[in-house]
Chemist: 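Below you'll find the structure I mean.
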Amino acid sequence: MDAGPSDYWKRSPSPSSPAGPAPINWRMPSDTPFNADDIDKGPSDHYGHSPAQLHPPDTLTPMQDKTNDGLLQNVLDDTSSPTQSRSPSLVDRFPHHGYHRTFHDIIGEKDIEVDGSSIGDEELGRIRTHRDDYSDRTPSLTSNNLKKKPFIPSPSPNKRASFIHPSISRLRSHMRTTSGSTQQTPQQPHLSHLRASSHFSQISEAKSETLSIDSGPPQQLSESSSKSPAFVFHPLRRLSVDLFSRDEAPAVMDVRGMIAIGTDKGRVLVYGFDQQLKHILGSPVTAITISSDQTYVAVGRSSGNIHLYDLSNPSKPARTTLALTLSQVLSGRREGHIQNSSILHIGFVGARHTSVISGDEHGRAFWWSLGRVIGVESNDVVRMLGSYPNADGQSRKPTTLFAALPLPLGENPHPVDSLNLSALLTPAKMVIVGMKPSPKTWYRKMRDNIGGEQGGLIGCALWSRSTTEPTLAYSWGRAVRLLHVHGKDPQFEEGKTYEATEPVRSMQWYDDNHLLVLSSTQLVLLNVISMVPVEMTMLQTRLLTSQDSYSSLTRPSSTQTLNSLAGSTKTTLQVGTLQHWNDRILAHVHQGDFLGAIQTALEYYEDRADGNKINLPEDTDARKAVISNRLHELLLASLRWAFSPDRLTEDTHLGQGIDLTSLFEGLATAAIEACLSMKDITFLFDEAYEHFAQAGIQSIFLRLLEPHILSGRIRQIPPSIFQALIKSHEEKGQLDQAEAIIWNVDPISLDINQAITLCEAHGLWDAMIYVYTRAMQDYVAPLVKLINVVRDIQQDRLNRPSLVGDTADGLERWAPNAYKLYAYVESVLSGLSYPSGDPLPEGQAYTARTDVYSFIFAGRTISWPTKTDLILTGEGPEPPYPYLNLLLRFDTEAFLHSMDIAFEDSYLNDTSGAINRQSIVNLMLDVMDPEYFHPGDITFLHIFVARNLPKYPQFLFIPPSTLHRILVSLASDPDQSTREDRQLAAEYLLSAYTPHDSDAMMDLFNQAGFYRILRTSYRQQHKWGKLISTLLRDPESDDQVFASLDEIITSSSPSDEVFEAVSGALPQLLALGVRQTASLLDRDLPSCHPRAIEVLTTAPHKQMAYLRCLLEPEGETRSDHIDMPLRHLYTTLLCQNDPDHLVPFLDSQDPTSFDLANLAMECENLQVFEGQLWALDRQGRTADTFGAVGDILRSRGVDLGEAILADDLGTIHMSVSTIQSVSRMATRLCQEHSSTHAAVGDVEDLWLGVLHEVIELVHSISALQPMQPTTAAHAAVSALRSIVQETLASLVASSSPSLSFPRLFKRLVDASTSGTKQQIKKGRTYAEFRIILTGMLDSYRAEGEMLSMTTKLVEADLFEILSNLKVKRESGWMPGSFVCEKCGKIVDGGTVVVRADGITMHRACVDMS
């Protein structure tokens, strides 16, 4: 019988008390019933949890408090960083676009119209949707962005069971816990403390859309705020009005300290950042650039002319170079752009205003030095790229110039500046050319397949002068690449690559580490260090490029300067600014979303924010310091605004009028989350809580704060807040929540008087113990309080007439609280705090152990807290060691469980002290007198001693007589529920003690059912017979009995003792498993096979299964230990139970393994004729074999004829089956003889004999004329004819060359007709042969037609496949890409393999794979 829960609760506390069942909810606090069917898990501490319900927030109305509004605006408009000042953006220089209006104006603004109000409807960013959904209802500060992952604390220990169920006690054999897990780790509460609605939410519940306070956990901050565009675009309205009101459209633009716009009418309009027109320059413009010092403008015309304008005298060009005619350039005397070649690219080279490079639409690039000598222009020119057309105007090598870029000057000089480097990008290559001291190509990069299909159609390039080395960003199609320039004699290093989703139309450097990549629909901010996008903005309006005005032009009409992006649409000129962290916070404020601003700042603080981190320090601590300052300012300003006098005038926060519950809930949640993240508890309580408290709504703040206390995120709170929390729960009767709060806060935060009063009044024992031990460091007071409970319950049980457990009224309902005493003792004696399980400081732990041990093991009654207050354990005289006596009487197993854990603590290692393991064991052995304690309790004490003795041999010494008494006691207890527990304890004890009367103890162990101990002893003494007998009697060894027997037989030497023991156990072994028994005996004791077969005499099927495991094992080698009688027994069993399997079995065996004559006789007697024929043939008795075939066929033919006449369907079926099996066996034997070297005549005689007998049988059966022809008779004749056909087919298929089918067939016909005396029988014989032959020919014809059809289908498929293969080979296979599928490198030569699916690989890669 398996060990189960003990019956400790059935026993009375004293010998005089009657026994009876205790209540099953013996350890459950509160009123939740204990599930007796699930004792392993213990009682449930689960609280119901419902998910938070978030409602859409309202929109903020304009603020009324001017003072607070101004403070908040001043705080949020400060975008400076303590570590890095932000560069002034282009937006900062336009005072009229409304970006820095006051917060009040932003909240209350309507759509603003200026002259040309239709201008500006299209922007590069998302098109704004104007909302007009303001209502009279006071809005909520709760943002729809605050959907942070719900904060769910762990379950609470406020209903924690203090004691582990005894079924998994440490004194039990089936331990499921370790000492570390015995003291249960306190679980944290779920959020659903059944929150009651606040007083003002209840008033306005019908019309409020705020969070229902009693529906679930409080509203939490969102995982991330709503993603705002990375770039915010603002139309330059005044500039756009002036520009687009003219009868000309912008074509090109450059921004560098000013805005220069070239139009399709040939003029250049120069604007200042105040959007005022400064200058108007010249004729049709296709390219424009501004010098680095902003004093010159270079202009390229569609005519091919180039003009330099000095902005100090812009009325006429300062320098000019005119386009040339084709004849001029072909003469070889002059170089330059040909007339009417539009200039697409132009740029200043170095610091000289008169040195420029230019590129035109035909791919020709030139370097110019536009000088003047004595008032006459003197221009030097060098053709850098491209060729001139032929005399007929046809281009020799037509190409396109994507970019012609001189290296710009940087803030710091670089050695390569003296080389006047320029980058030229074409669809085929990128080259870097230096013009000084002499023209030279420094670097060349071929495109190959870079950029995909669009790589040769679109490209752009851009220089960056970083603080270290110049860097060139260039793109072909979708591929963006970097090229770094190092050293005075420049070395060029390729950087990382970025693959865009669309072809790149333009690029601009944002700063040294970030690159703006512009496509048709996206604006991407790329981190050039990692080449990973950090921002992405979708463009809903197509960006105008020069491609839109000139079919061959690709330069976009957008440019970037000083952290801003300027671009043009069809109707307006716009400027965009990248949103930094502070901008995104400010954007939320502009929308009236304070909580969104706080959440965004918190995401940046916790490094969870998506997007760029520009203008934030790289160092984590420095970054947090910057953001924490902003968070504090946001929180303070939001609190002052929310609790401003104007907002609280109408008592809306108290439920009068409009419900603002969600506003204050959101603000409290945001403040708590932010302060906890920043670890600034001072601000949380001194500022945030005080605002709520002064407004009289501190209950909202406390309700949202409580989950963080229960989860352990907040341990220290001001005593005033602790008092408010406890008072709130006490007034609502939520005692469990109050208890959980008490032991989840730091002791220094407790109001001790309030906590103790509450706990004593309502029996909150866990909290009371926590207050006494952690706040007052008094470890005796909890013992005294709980000892009184144990005493009263024990006394009530003694005096109650009913059985224990019949009712749970009266004091018995306090039993679960009494068991908290054992859990408390267990924790403290292990150096842990109760109920949290946290380790105590070393000094406190030592004091706690000393106090608890001194109290429990006190020899007499002590007084507490004064000398006159005695702590009594009963009504009568106090026994020695009263408290130890009381704890053992109340529940021996519970106390011993606690002491078993306490014994593992090193405190008890001091043997010189009054309290140590030896003294504790001695005291318990003395106190637990069998006269006064139940025998079951005495057994648990003996289990405790037996299991701890070998664990602590250096600390425990017990006299042998006592140990012998304990061992006898363990084996003598008749309680089967503790049998396994007692056996395990006895094993522990025997490891440290050897009894002197071992034989008597063996008998006692045998009676007790301690089979494991007996097996160990018998193995040591080599008593194999008894060992096997014990193994088979042990109910726990059934699963391993065969493995154990195998090990025993292998270990022991062969002996009669083992043989007799196994033989005697065969019935039991065979009952456990026939297959396992057969394998075991064949492997270890093959001589036992006959005995096993004898045991199975009454079960023939099991006999056959046993022998099959040996003779026909699945996947194993056949046994060599089976003699001939057992083989014949197996064949007999097969004949009786599985006759169809007999011949396959015989074929697998050696014929010499059988007595063939005897086998033939057995098969004949059992009418298994196939076996008979097999045995006769294997004896070489061929004539007898085929004679038997004829006899069997004739006898079965007679039976078949009688059955047909009698219409006996069963006999017909059996007879036809026998005839078929015998005929097939005879045919098989004929085939076997045909393949040997037997004489031709003998073989033909064999075939002839079989065929003649079958045909005669067909003649005989078909000649029968029953009174009424039946279907069965017709089926029988058809089956016989099919036998003849099969036999003839086998004859034809015979491989013997000596056999002649025509000769044999003629002999067969003659034999069938020679004896016929009547002509009618002769005609019937011929008719039968005709039917048989016709059937055979029809079968052959059908098979031939099927073969022919299959051949045609295969040939057709083969032809189609070969035809397709031929077409593909002739047309060739087009590679899908020029990148190797295996190694990823470009296929640029060597042997290449192209597969039919277009995959391309190097031959070397194919060979490797």
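No experiment lies behind these values; they were computed from the predicted model shown. Residue numbers count from 1 along this sequence.
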Chemist: Using the test salt bridge (charged side-chain N to carboxylate O under 4.0 Å, His left out), find all partners of K1352 that sit at least two apart in sequence or belong to another chain.
Modeler: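 For K1352 there are no salt bridge (charged side-chain N to carboxylate O under 4.0 Å, His left out) partners, ignoring immediate neighbours.
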Chemist: Per the side-chain contact (heavy atoms from CB on, under 4.5 Å) rule, which among L1107, L1142, N1158 passes with T1131?
Modeler: L1142
Chemist: Just by modelled atom types, is the K1026 backbone N or O under 3.5 Å from a matching donor or acceptor in the T1030 side chain?
Modeler: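 Confirmed, T1030 side chain pairs with K1026 backbone.
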Chemist: Taking ring pair (Phe, Tyr, Trp, His ring centres under 6.0 Å) as the test, write out the residues that go with H1101, two or more places apart.
Modeler: none
Chemist: Which residue pairs pass the salt bridge (Lys or Arg N to Asp or Glu O under 4.0 Å) test with at least one member in residues 1112-1134, sequence neighbours excluded?
Modeler: R1108-E1112
Chemist: Among residues at least two apart in sequence or on other chains, which ones pass side-chain hydrogen bond (donor to acceptor under 3.5 Å, both in side chains) with R1228?
Modeler: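 Only D1147, E1232 meet the side-chain hydrogen bond (donor to acceptor under 3.5 Å, both in side chains) criterion with R1228.
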Chemist: Among all residues two or more places apart in sequence or in another chain, which pass the side-chain hydrogen bond (donor to acceptor under 3.5 Å, both in side chains) test with R1083?
Modeler: D1046
Chemist: Taking only residues two or more places apart in sequence or in another chain, which ones pass side chain to side chain contact (heavy atoms under 4.5 Å, CB included) with V1095?
Modeler: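 Expected list: L1066, P1067, L1070, R1091.
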Chemist: List in chain and number order the residues that pass salt bridge (charged side-chain N to carboxylate O under 4.0 Å, His left out) with D1199, two or more places apart in sequence or in another chain; answer none if no residue qualifies.
Modeler: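 If we apply the salt bridge (charged side-chain N to carboxylate O under 4.0 Å, His left out) test to D1199, skipping adjacent residues, the hits are R1196.
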Chemist: Using the ring pair (Phe, Tyr, Trp, His ring centres under 6.0 Å) criterion, which residues pair with F1145? Sequence neighbours excluded.
Modeler: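 Testing F1145 for ring pair (Phe, Tyr, Trp, His ring centres under 6.0 Å), a comparison that skips the adjacent residues, returns Y1130.
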Chemist: List the steps, then state whether side-chain contact (heavy atoms from CB on, under 4.5 Å) holds for V1189 with L1229.
Modeler: CA-CA 11 Å; V1189 171; L1229 294 177; 5.7 Å; no
Chemist: Under the rule for side chain to side chain contact (heavy atoms under 4.5 Å, CB included), what residues qualify as partners of S1119, not counting sequence neighbours?
Modeler: D1082, L1110, H1121, I1122
Chemist: Can you list the residues that meet the side-chain hydrogen bond (donor to acceptor under 3.5 Å, both in side chains) rule with H1128, with sequence neighbours excluded?
Modeler: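 Here no residue qualifies.
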Chemist: Considering residues at least two apart in sequence or located in another chain, which fulfil the salt bridge (charged side-chain N to carboxylate O under 4.0 Å, His left out) criterion with D1357?
Modeler: none
Chemist: Working to the nearest 0.5 angstrom, can you tell me the gap between N1364 CG and F1359 CZ?
Modeler: 9.5 Å
Chemist: Quick one: side-chain hydrogen bond (donor to acceptor under 3.5 Å, both in side chains) partners of E1253, sequence neighbours excluded?
Modeler: R1194
